[in-house]
2 protein chains.
Amino acid sequence: MAPAIRTDPDGVDVAGRRLPLSRELIISAAVLFVDDNGLPALTMRGLGKELGVEAMSLYRYVNGREDLLEGIVESMVSELHLDPTTMEPLNGWQVYLQWLAHGVRRIAQEHPAVFPLIATRHPAAPWLRPPLRSLKVVEDFLSELISRGFTDESAIAAYRAFSSFLLGHLLLEAAARGAKTDVIADMPSPEDLSPANLESSIATFPHVSRLGARLSEDHSDSEFEAALENMLDRLDRTLAH
Amino acid sequence: MAPAIRTDPDGVDVAGRRLPLSRELIISAAVLFVDDNGLPALTMRGLGKELGVEAMSLYRYVNGREDLLEGIVESMVSELHLDPTTMEPLNGWQVYLQWLAHGVRRIAQEHPAVFPLIATRHPAAPWLRPPLRSLKVVEDFLSELISRGFTDESAIAAYRAFSSFLLGHLLLEAAARGAKTDVIADMPSPEDLSPANLESSIATFPHVSRLGARLSEDHSDSEFEAALENMLDRLDRTLAH
DNA sequence: ACCTGAACACCGTTCAAGT
DNA sequence: ACCTGAACACCGTTCAAGT
């Protein structure tokens with residue numbers, strides 16, 4: 001059932017040694033597991049088996065399943081931390097927001113099955129807005145914009161608008177990407193528009209039937225870039241008020 | 001534990017008669033249950049108890065838990081169907097999109113705990129985009145726009161942009177609304193910025209600390225209207241190409 | 001120090017049996 | 001026709017016990 005898992009099923013490396021358990025190892029194994037098998041398949045017992053260990057062993061390193069999910073989200077979002085030691089300085093808030101937007105998009109594309117977790121889990125503080133849901137990311141966001149001409153208020157408004165933008169676009173893009181690759185243990189979709197059912201629905205849904213092929217086309221790259229440009233232009237206009 | 005349920009805990013009406021079980025009754029009871037107790041609390045056994053019946057009885061009317069969730073989503077989204085018999089004719093695609101946007105927003109506001117379900121469940125067809133995830137809604141959408149000057153391509157582009165817009169804004173708004181009312185059986189948030197922890201993080205997150213109060217302010221009404229206006233203007237511009 | 005066996009309280013789901 | 005008891009295969013989680 002599990003296709004092409006990246007670790008040996010018994011959680012041993014190529015030399016046959018068992019990898020030493022740790023929070024980091026468990027979380028990264030969980031990410032791979034969700035990538036391959038989908039979120040509902042992630043159970044403590046199943047992940048334990050993947051690592052060649054009983055489920056109870058995991059409780060030494062993570063405080064239960066909820067904490068594991070939190071760790072997964074945190075490990076993904078931390079890729080968006082600004083790191084001055086390795087990054088060249090950004091010139092302009094537009095460059096920063098472009099970098100940030102494409103960073104989140106890369107996460108959504110590489111881990112489409114994990115992204116719904118990033119999108120819908122309750123953040124640590126009520127004003128944190130997925131997918132920009134870590135304190136460090138928000139601090140960077142506000143700092144970059146305010147140091148480059150935004151007022152406090154406009155930086156906060158930008159944070160709200162930008163998080164909504166990223167969430168809507170990338171959650172739908174991840175869902176589309178997931179639907180192609182997906183380990184669909186879901187039920188066979190009842191009102192599916194496969195060729196068989198399509199004919200019977202031409203009368204009821206003429207536009208949908210006629211445009212079915214074009215509705216399925218993937219223009220996510222150009223659509224994302226265009227919407228991102230529009231967002232940046234809009235922020236620029238509020239700056240010049 | 002369960003606060004202010006709207007049906008008698010034994011699923012009987014005021015006269016003491018047991019309500020006759022049906023798919024519709026079960027689904028609407030499930031919606032109320034999720035509104036009050038949150039999505040994770042919805043179990044077949046728990047819902048059965050709420051209706052004064054054993055869990056197994058529900059299987060006569062719904063094909064398992066997944067089908068129940070599907071029924072919940074479908075019952076909410078069907079509120080967005082155009083009904084020519086009761087509605088006055090809409091003049092202009094802007095009026096239609098305003099009506100649609102506010103309809104989805106009302107659902108998100110009235111059922112914030114259900115909205116993540118509408119947002120993240122795999123739709124019946126891969127090209128359906130939550131929250132506009134029913135064939136009828138998409139047919140209405142395309143029909144309204146194409147009959148009012150949109151080309152096939154621009155109507156499809158508008159469907160994509162509009163669904164992304166609604167999903168991003170309303171999922172975040174529902175999450176914020178849910179966090180206030182929520183039955184939070186969640187763990188105590190570890191990096192919460194409550195007064196106690198706030199002081200220690202001023203050094204690490206100066207902007208966040210300074211703006212904490214303003215980050216928590218709710219401007220969702222005006223922000224939604226402004227972003228909706230912007231979206232409609234953008235569509236209007238592509239129309240005039 | 002690290003892992004496990006056994007146990008507990010839950011799930012969803014099936015099916016023969018009751019009324 | 002409609003509901004239930006009993007059972008099965010799973011969960012997450014705890015804790016005393018093993019090594």
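All heavy atoms count here, side chains included; hydrogens, waters and symmetry mates do not. It should be emphasised that the depicted structure is a prediction, and the values quoted were computed from it without experimental measurement. Order of the sequence lines sets the chain letters (A, B, ...), proteins ahead of strands, with each chain counted from 1.
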Student: For B:R129, does its backbone N or O pair with a side-chain atom of B:Y159 as donor and acceptor, under 3.5 Å?
Tutor: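 Here the side-chain-to-backbone pair exists.
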Student: I'd like to know if A:K136 and A:D83 make a salt bridge, using a cut-off of under 4.0 Å between side-chain N and carboxylate O.
Tutor: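 Result for this pair is no, no salt bridge flagged.
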Student: Hey, is A:R45 close enough to A:E54 for a salt bridge, meaning N to O under 4.0 Å?
Tutor: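 Not counted as a salt bridge, because no side-chain N and carboxylate O are separated by less than 4.0 Å.
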Student: What residues, two or more places apart in sequence or in another chain, satisfy side chain to side chain contact (heavy atoms under 4.5 Å, CB included) together with B:A175?
Tutor: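 Applying side chain to side chain contact (heavy atoms under 4.5 Å, CB included) to B:A175 gives none.
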Student: Base contacts versus sugar-phosphate-only contacts with protein, heavy atoms under 4.0 Å: please encode nucleotides 12-19 of chain C as B, S and - from 5' to 3'.
Tutor: BBB-----
Student: Between B:Y61 and D:dC3, does any side-chain N or O lie under 4.0 Å from OP1 or OP2?
Tutor: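 Answer is yes, contact under 4.0 Å.
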Student: For this output row, return yes or no: ring centroids of A:F115 and A:H111 closer than 6.0 angstrom.
Tutor: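 Between A:H111 and A:F115, which both carry aromatic rings, the centre distance is not below 6.0 Å.
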Student: In terms of side-chain heavy atoms, does B:H219 have a donor or acceptor partner in B:E217 at a distance below 3.5 Å?
Tutor: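 Yes, side-chain donor-acceptor contact under 3.5 Å.
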Student: Taking Watson-Crick (N1-N3 plus N6-O4 or O6-N4) and G-U wobble (N1-O2, O6-N3), each under 3.5 Å, can you produce the dot-bracket string of DNA chain C? Use [ ] for crossing pairs and | for inter-strand ones.
Tutor: ||.|||||...|||||.||
Student: Just verifying a value: how many Å separate B:W127 CH2 and B:I156 CD1, rounded to the nearest 0.5 Å?
Tutor: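 It is 10.0 Å, given to the nearest 0.5 Å.
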Student: Round to the nearest Å and state the distance from B:L47 atom CG to C:dC11 atom P.
Tutor: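 Rounded to the whole Å, the gap is 12 Å.
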Student: Measure from CG on B:L21 to C1' on D:dT4 and round the result to the nearest Å.
Tutor: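 Atom CG in B:L21 sits about 13 Å away from atom C1' in D:dT4.
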Student: Reading DNA chain C from 5' onward, which residue's closest nucleotide shows up sooner: A:E54 or B:A41?
Tutor: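 Whichever sits nearer the 5' end wins; that is A:E54.
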Student: Is any side-chain N or O of A:S57 closer than 4.0 Å to OP1 or OP2 of C:dT4?
Tutor: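 It does, given that an N or O in the side chain of A:S57 lies less than 4.0 Å from OP1 or OP2 of C:dT4.
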Student: In whole Å, what is the span from the CG atom of B:L68 to the P atom of C:dC11?
Tutor: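 Answer to the nearest Å: 15 Å.
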Student: State whether B:R121 and B:E74 are salt-bridged, where the test is any N-O pair (Lys NZ or Arg NE/NH1/NH2 against Asp/Glu carboxylate O) under 4.0 Å.
Tutor: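 Salt bridge flag = no for B:E74 with B:R121.
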